[in-house]
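Below is one structure; the comments refer to it alone.
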Amino acid sequence: MSTTEHLPRPDIASVADTLEAIETNVAAVVQGKPEVVRLALIALLAEGHLLVEDVPGVGKTLLAKALARSVDCSVSRVQFTPDLLPSDVTGVTVYSPDTGAFEFRPGPVFANIVLGDEINRAGPKTQSALLESMEERSVTIDGHTHELAQPFMVIATQNPIELEGTYPLPEAQRDRFLMRVSIGYPHQDDELSILRTHGGADRLASIRPVAEVATVVDAILAIRGVRVAEPVERYLIAVCRATRSHPEVELGASPRASLALLRAARAAAAVEGREHVTPDDVKGLAPHVLPHRLILRPDAELAGQDARAVIADVLDGLPAPTE
Amino acid sequence: MHRDLTLAGLVALVLIATVPAYERVFAEPGWRAPALLGAVLALLLAVLVRRLRGNALVGAVVSLVSLLGALPWLLGLTGRPVVPGPEVISLLREMLDLAWVELAETPAPAPASQGLVLLTAAGWWGVALVAHELAVRWRRTGAAVVVLLVLWATPLAIPVTGSERWTQLVPFLVAAGLLVLAGGDQASDTPGRAPRLPSAGLAVGGVAIVVAVVAPGLIPGHQEDAWLSLGEGSSPRGYQPIVDVTNRLGLPEEREVLRVRSPQRTYLRLAGLDGFDGSTWRLGTADEGNFRPDPGSLHAATDLLPPEEPASNARSFDVDVEVLELENIYVPLPYQPVEVLGPLRSEMVWSTEGGFLATWDTVESSDSPTIGIRQGVEYRVRTARPDPTFDELTSVEFDDATVAANTELPREYPELAEQAEAVYTEAGAGSVVEQALALQDWFVGPDGDFTYDLDVPALRGDDALTDFVLEDRTGYCEYFATAMAVMLRATGIPARVAVGFLPGEVTREADPLAGETLDEYTVTTSDAHAWVEVLFPGYGWITFEPTPRSDDTHIVPDEQDLAPTENEAERRAREREEQGDELDLDPLDPDAQVPDVDQETDPGDLAGLGDGSDAEQDSAGTGSSRTELWLALAVLTIALAATVVLAGWWQRRIDVRASGRDRVLAAQRRLLRTAARAGIGRRPSETTVEALARWRREDRIDDRHARVGGLVQAAAFGGEVEEGVAPEAERTIAEAERSLRRSVPPRDRLLTPGRRAAGTLRRAGRRAAGWRDRTR
């Protein structure tokens, strides 16, 4: 039994209450998708970013806004288009006639939650600008470095259907996202409920903040102390390593992927109010954290094989620890 | 890791403690090094494979390949372990064939012959491997002890005299007990309540008794009937003297067996073998399982011995025999005896069937031979050696009954019969005696081009004999005697194989002045021999010698003398001398004209150093009271049960101190094991929570049971469990366990072990197919 962190034991119990409140709040708006809501929360707590691949109109923006509003933090939205410039995202320094000096006008990236719609429509340069700031958590313009807000989370969407005139994210950059999820259409009953509840009114209007930004930042710090037992560590690494030797995979999960999975697992444990990570956390998150980081062999891809199936295969072939 | 090594070391200890039990199987210690080395090698390999994280299948394959490579080295055939190739495999297969024959025919204590040592070493290797896997890999020390117990109990069937029983029992018990105890604290399945160990102990004890009762019945070659007769095991085919001659290859050092004082050189015969089963000549008819002479043909040796066959022309003389180092039930003597003198004769029985004198208790209890021939025994035999003339034998008439009774063969040997006929025709032999001499001369003379060599494969298999006669033409006494006897029988001549000893070397010449009128011969293990006897009604069984021994110590009859007393070395020396005399024209040398053949005095010892290592090393277990064995078994069972109960008590003491976490984890282990036994076990990729959820979906457990997964995982991965929660969790898990067990129909539960084994096999097959596909 060992822990990787030796920070003071966080009070996960109290954090968990807050997290549960946020989750309930968001789920009340984004109906019928508790799993996606939870994943978004996990990404927020794990200081990660979310790549949502889905068709328009299933509630991507709603999810981002509901999350932002629940924790009473800022949210901005960028609609990516082919002519969007990097400065449109990061901000620009302009001459202010009033003060007679150059002043920095922050771009939409300076918000707690940034919703990047159809990120694949922008040119590579603009994409890179966003991805860099995601990784660095700061923006450098004209020699000045501007720290981004905390927490900072990008929820980027991609439309997997329309590919014409798009610049799909290169594989090397996809792993800047902690998770890739798809929301999917709601279940019939949920859709009916959505109609009835939000038929006319603004769904977001009903949301009240249930936590403060500071609480979320505390939670993020607290999560670093969630305990990971050695068998779980080994299991987690085994999962990542197994993707590298899988016959259908060209490029498997990197050590960065292992780290991402570990962070996500810790966050997931905290969301459930646990102070330790279980193999179930790893198993449950691997299908969201790992697939978009894999590059399949061309023949496997042609055969219609999909990275999620590879991960499922890997998980199915690895013995899970019981103690 | 440390624990693995401890358990492996204890398995090794139990194996070493098993050694005394096997002393009764073998008459000499040559088996120990191969068996122990093999077992230690197997353990080391198993430890290594486990260290390298190889699974049990890999371990088994590695071990098997290594065993094949190591066996030739263990048996001393090669200087070092070899890479197993086709040659090694075929060699081992050959030796295995030999081993089965030896197992069936060699009574204990047996010589450490290669076949038996092969079986022993392979057996020890296998047991070491299985015991290691059970004890170390699966932490089932109880099951490992059962396997080791099988190894230990197997030789129990052989009764022994003497009091070394404790050396066999105590070390094994102590070592096995240590192994059980060492396994005990790890298998803390049952903290806080009565452990399951006693029931495991009962199982061990039960298996021990079953093994001890059944094993002897399955293992042939033991002297006494087993308590429970299963199959052929308990009725060995009886003592077969030729087996010793056949299988005692390469005895490391020559030993003096007998000291004989005799007026002439004479073969010392043990018995005549009448039956041929296709590979071995044996006493009694070939298809007879266990040879029992007809009571009517047994005669007490206190009186004059009735002749086996009347011999109208015989030469009478006395022979004194002193046994130096030989244990046997058959009495070596010159054929055929008329009377035995000496105190031992009251224990001897003369059988006119097979013509042997044996040390049996009495005529009545003919099925309980005792080893009467042992070191220090002396006896005198008055012999009437058949000594007919050539003309007498030429005119002998054979009646159909005699021919039919002594020409039985298990099958036709057309090639051999053809070859024999060719030899007869070549020699112009018409009568039986001419034919027998012609065939003998073909074997020993230059015509047949036969070579004497001990280093040849065993004479086993349907074509072995034909190959020997027609192609290889290399072998030793058993080959020649068997071949000639079969060829004689195939051409309608009554013949059999006799076994015994060559006359040996003269170690002290007669010294009439000192009152010593007889030469003293010393017979060694390398004088063990087999030859042919042909029946001439009215004249008895006449000896023929088909073996061209390279040391020329054999005695070959010819037309002039059908019962010669000089061996080949002497005959050649004499002939050279005669030739030299003729050249020198020295009429003064009386030997040149009148060679003294009857009063043979062996000048200088011409008998070679004896590269023949055929030997006689036999003894039969003596009767021993079964009560004592039962007693030993009872003590063993009680001791094992006590050990197990003790282990349980110790276990409970540990459990009481066990932390909440350990108790919950132990409960989880029990739950998972129960599920696996019921055939609905956790799949390897499932976490405990997933498995519980699945059982819940399948309606095997209820929600409360399913929820306990969180607590179990908190214990496993969170590090601690509150002390107060543990008992409740334990109860819930135990309930889930019961609920799971109930949810599986008893029939399925019974079938589960078989299904699991089949599943393992299937998976192994799939994996093998995967490898094959990948290598393609």
Side-chain angles (χ1 to χ4, degrees), chain A residues 1-6 9-10 12-13 16 225-239 241-243 245-248 262 265-266 268-287 310-323, chain B residues 53 55 139 186-189 191 658-676 681-694 706-722 726 729 733 736 763 766-767 770-771 773-775:
Chain A
M1 189 65 52
S2 76
T3 56
T4 50
E5 303 275 343
H6 297 282
R9 181 60 66 84
I12 294 290
V226 170
R227 179 175 194 145
V228 188
E230 194 190 329
V232 181
E233 285 177 332
R234 288 191 183 284
Y235 179 60
L236 188 151
I237 288 167
V239 170
R241 293 183 75 90
T243 63
S245 54
H246 195 278
E248 288 173 343
L262 181 66
R266 280 197 163 125
V271 169
E272 292 198 354
R274 273 185 279 113
E275 292 178 13
H276 58 269
V277 173
T278 68
D280 296 271
D281 294 330
V282 176
K283 258 187 118 168
L285 284 167
V310 169
I311 297 296
D313 192 32
V314 162
L315 291 175
D316 211 34
L318 278 179
T322 58
E323 58 184 271
Chain B
R53 295 178 181 280
N55 62 21
R139 293 284 192 263
Q186 179 71 9
S188 56
D189 286 355
S659 69
R661 168 171 189 265
D662 290 344
R663 295 169 66 175
V664 172
L665 288 185
Q668 171 185 243
R669 247 175 266 142
R670 276 201 308 277
L671 173 74
L672 295 180
R673 190 180 302 164
T674 301
R682 179 183 76 95
R683 298 180 193 119
S685 67
E686 270 181 336
T687 64
T688 307
V689 171
E690 285 172 329
L692 284 167
R694 175 164 61 85
R707 274 197 303 274
V708 86
L711 193 84
V712 168
Q713 289 204 325
F717 307 114
E720 279 146 34
V721 170
E722 283 172 45
I733 296 172
R763 277 193 297 279
R766 269 207 297 271
R767 201 173 303 171
W771 286 334
D773 292 347
R774 234 171 288 166
T775 49

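All heavy atoms count here, side chains included; hydrogens, waters and symmetry mates do not. Letters go in sequence order (proteins before strands), and every chain restarts at 1.
- Of the listed residues (A:V277, A:V232, A:T278, A:D280), the greatest number of heavy-atom pairs within a distance under 4.5 Å of chain B belongs to A:D280.
- Neither the backbone nor the side chain of B:R683 has a heavy atom closer than 4.5 Å to any heavy atom of chain A.
- In this structure, CZ in B:R682 is found 5.0 Å from OG1 in A:T322, a value given to the nearest 0.5 Å.
- Closest of all the heavy-atom pairs between A:K283 and B:E686 is NZ-CA, 3.9 Å.
- Ranked by heavy-atom pairs under 4.5 Å with chain A, the list B:A691, B:P684, B:S685 is led by B:S685.
- In the displayed structure, A:R241 atom CZ is contacted under 6.0 Å by at most 12 heavy atoms of other residues, nucleotides or ligands.
- Taking all atoms of both residues into account, the shortest heavy-atom contact from A:P279 to B:F717 is CD-CE1, 3.1 Å.
- In this structure, chain A has heavy atoms under 4.5 Å from both the backbone and the side chain of B:Q713.
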